[in-house]
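Below, chain A is the first sequence line, B the second, and so on; all start at residue 1.
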Amino acid sequence: MLVKPELGSLIGAVVILAFFSAQSSVFRSLSGIANWLDVASTLGIMAVAVALLMIGGHFDLSAGVLTGTTALTVGIVAVRFDQNIWVAIAAAGVLALAIGALNGWLVTRTGLPSFIITLATFLMLQGLNLGLTKLFTGTVQVRGIAEAPGYHSAELVLASTFSVFGQQFRIAIVWWLLATAVATWVLLRTRFGNWVFATGGDEVASRNVGVPAARTTIRLFMTTAAAAWLVGSITAVRLTSVQANTGTGQELIYIVAAVIGGCLLTGGFGSAIGAALGALVFGMTQQGIVYLRWDADWFYFFLGAMLLLAVLSNRAVRRYAEAARR
Amino acid sequence: MARRKRLLALALAAPLVLLGCSTENSGGEGETTAAAPSGGGGTADGDLQFAVVTHGSAGDAFWDVVQKGAKAAGDDLGVGVDYQSDGDPQRQSQLIEAAVNQGVDGIVVSMANPDALQDSLAAARAAKIPVVTINSGADRSAEFGAIGHVGQDETIAGQGAGQRLARDGRKNVLCVVHEAGNIGLEQRCAGASQGLGADVRLLQVDINDLQGAQATITSQLQADPSVDAVLTLNSAVAPIAAAAASDAGSQAEIATFDLNGDVIAAIKAGTVAFAVDQQQYEQGYLPIVMLKLYAQNLNTVGGGQPVLTGPGIVDSSNVEAIGDLASAGTR
């Protein structure tokens, strides 16, 4: 029970929830909860996918900027090419999966660290995002997505709100819970999940017992790309305008959330629920600092301190568990 | 074993330490935090609490002056002012929603990306919280129900710079964009083209990598010796551009938007010809005044038209007087 990877992040989440709730009545109010869940949701969708990839032994530094790429693609196809927004979203999906497959293929084919391969993709995508956006729109933003045909149905699915006890919650929260549930099921209940753990644990050994390690790796990269597609589409539909620098820098936050959630940097260990809780810790901390009216200049310091504490307590719990098992 | 206990103790003690931080913090900030009403709700004579939410990234010298202006207004007028910022539009909208949840008496917001803030500003309107927009987004301000806008019209400011360069006899101008994704910067370059009467060339650099920016500007100047002026859009880039011009052996005139100590010194030394100052201190200060007047007297300023804080040109003729103020961090 104690060796469950998400235990540390669960404790961290409870401590942080208790701390901010005790300090701020707005934080624990329904509108406050809706606010920090919103922050956690899109981050959480990505963190869950990134956690799967990390369990499989790889990183994806292009995941953040890929959310920008998909959001910009949705915008450009819908606005500049006058397409139905669902066509634009589908096009962005095809593009995202292709980029994910390319990442995975390059990693498995070359044997280079995924860190390097996806760093290259990250830089190339950053350049393409800026260059192509300017080429198509003449500026650095895509605007007017709300006027695209089919926008209202897309808004309903990706950017609407639902009411709980009279408080409006963002639908992205539902997507986040769904992503966590599906990822957990895949990891723990399917053959593919076993392959993920095996590939991340020891790739050579797993290949020797017949695990298709290369195929598993490629699929995992396509999974993060698919998550980036979902988040990018949510961003594009919700904000109705997209900046060319969207998502840049977020990739590290996803990895941080996965690490808080108990994923090992070396692969083979971790959980999707843990990563979702890691995202929750992040969302609560980010907005909690705002609600306490702490000086914003210290924001990143508090965030870093929270991260350090979460990881330390995580490690302490795991060591304790391992000692108890022996 | 002992080590493990220490770690656990650390993890458990952490919230207590942070608790200590928070009390220390509120003690340090004094009246502003203490005066914050818990419920809010726009009472005219109670203690007023305003939130300022900008798109500036932390540590940006430009936004630091805006923050100073807002805080100074809060102190002068005896109202609470809370400053938050994030460059990511979605994060900025979440910060606005947080302010709405807190029931503040007024919100000041910079609109670099108006569409993205539409929902959260609608939430502010639904909660009957008055909003003043600042800096960018003047054209959408009234549409979003803001009671006023304080800022510099980027296009007009760009025109001012372009006209001045034309008067100096410049023809081939390089406009250095330091932040991808900021529409205001593009508008400045477009305005400069209009003022100059000729298209300026855009050069993309990264504000977070000034050394690389210098190399990029140097190679541009080496590659095209006909460039006779470099217009930078951020005070941190101006000295870099001046150094790049000297590296490249170029005689190009350097002009910039916005001031800092380095730019003042460079104008005094003659390596930077002039700076277009948008006096962003006013963009922090004036909205707090406007919100207070609105809360107490339902006054509005500008009647739907933006209140312009710039362009003010700083060159060798007035640099001495303004230099002292800039080193105090208010210009």
Side-chain angles (χ1 to χ4, degrees), chain A residues 11-12 15-16 18-19 23 25-26 29 31-32 34-36 38-39 42 126 129-130 133 138-141 143-146 235 238-250 286-287 290-300 302 305-306 309-310 312-313 315-317 319-320 323, chain B residues 1 4-8 10-12 14-15 17-19 21-22 25-26 28-29 32-33 36 38 49 58-59 64 67 80 82-91 93-95 97-103 112-119 123 177 179-183 185-187 202 204:
Chain A
I11 294 172
V15 168
I16 286 165
F19 171 67
Q23 298 275 305
S25 60
V26 189
S29 72
S31 57
N35 190 234
W36 49 255
D38 177 30
V39 176
T42 44
Q126 202 180 349
N129 283 2
L130 184 58
T133 306
T139 170
V140 289
Q141 286 178 352
R143 293 186 171 194
I145 296 171
T235 309
R238 174 166 163 187
L239 302 183
T240 71
S241 80
V242 187
Q243 294 185 180
N245 59 354
T246 298
T248 312
Q250 290 295 300
Q286 277 197 336
Q287 294 309 89
V290 175
Y291 283 128
L292 292 192
R293 298 213 164 105
W294 283 351
D295 192 339
D297 294 349
W298 294 88
F299 176 78
Y300 282 102
F302 290 123
M306 290 283 183
L309 286 168
L312 285 179
S313 61
R315 195 178 68 152
V317 166
R319 281 192 177 178
Y320 181 76
Chain B
M1 184 70 193
R4 200 161 64 222
K5 268 198 179 139
R6 243 192 349 256
L7 276 176
L8 275 171
L10 186 68
L12 292 174
V17 175
L18 286 171
L19 202 75
C21 284
S22 80
N25 199 343
S26 54
E29 277 191 294
T32 50
T33 317
S38 49
Q49 180 71 34
D64 199 41
Q67 186 178 359
D82 183 38
Y83 179 92
Q84 299 284 345
S85 67
D86 202 298
D88 173 30
Q90 186 162 333
R91 280 283 305 141
S93 76
Q94 285 159 344
L95 288 171
E97 278 159 25
V100 172
N101 290 343
Q102 282 172 308
N113 190 338
D115 289 340
L117 305 183
Q118 196 158 14
D119 282 2
V177 178
E179 199 179 283
N182 185 336
I183 196 104
L185 301 182
E186 309 270 325
Q187 288 167 345
L202 267 59
Q204 183 76 48

Which atoms of A:Thr246 approach chain B - backbone, side chain, both or neither, heavy atom under 4.5 Å
neither
Can you find a side-chain donor-acceptor pair between A:Arg293 and B:Gln84 that sits under 3.5 Å?
no
Give the minimum heavy-atom separation between [X] and [Y], together with the two atoms involved.
X        : Y        : result
A:Gln243 : B:Pro89  : OE1-CG, 3.7 Å
B:Gln204 : B:Glu179 : NE2-C, 3.8 Å
A:Ala244 : A:Asn129 : O-CB, 3.6 Å

Relative to chain A, which segment of [X] carries a heavy atom at a distance below 4.5 Å: side chain, backbone, both, or neither?
X        : result
B:Asp88  : neither
B:Asp119 : side chain
B:Leu202 : side chain
B:Gln187 : neither

Distance (rounded to the nearest 0.5 Å) between A:Arg143 CZ and A:Leu239 CG
12.0 Å
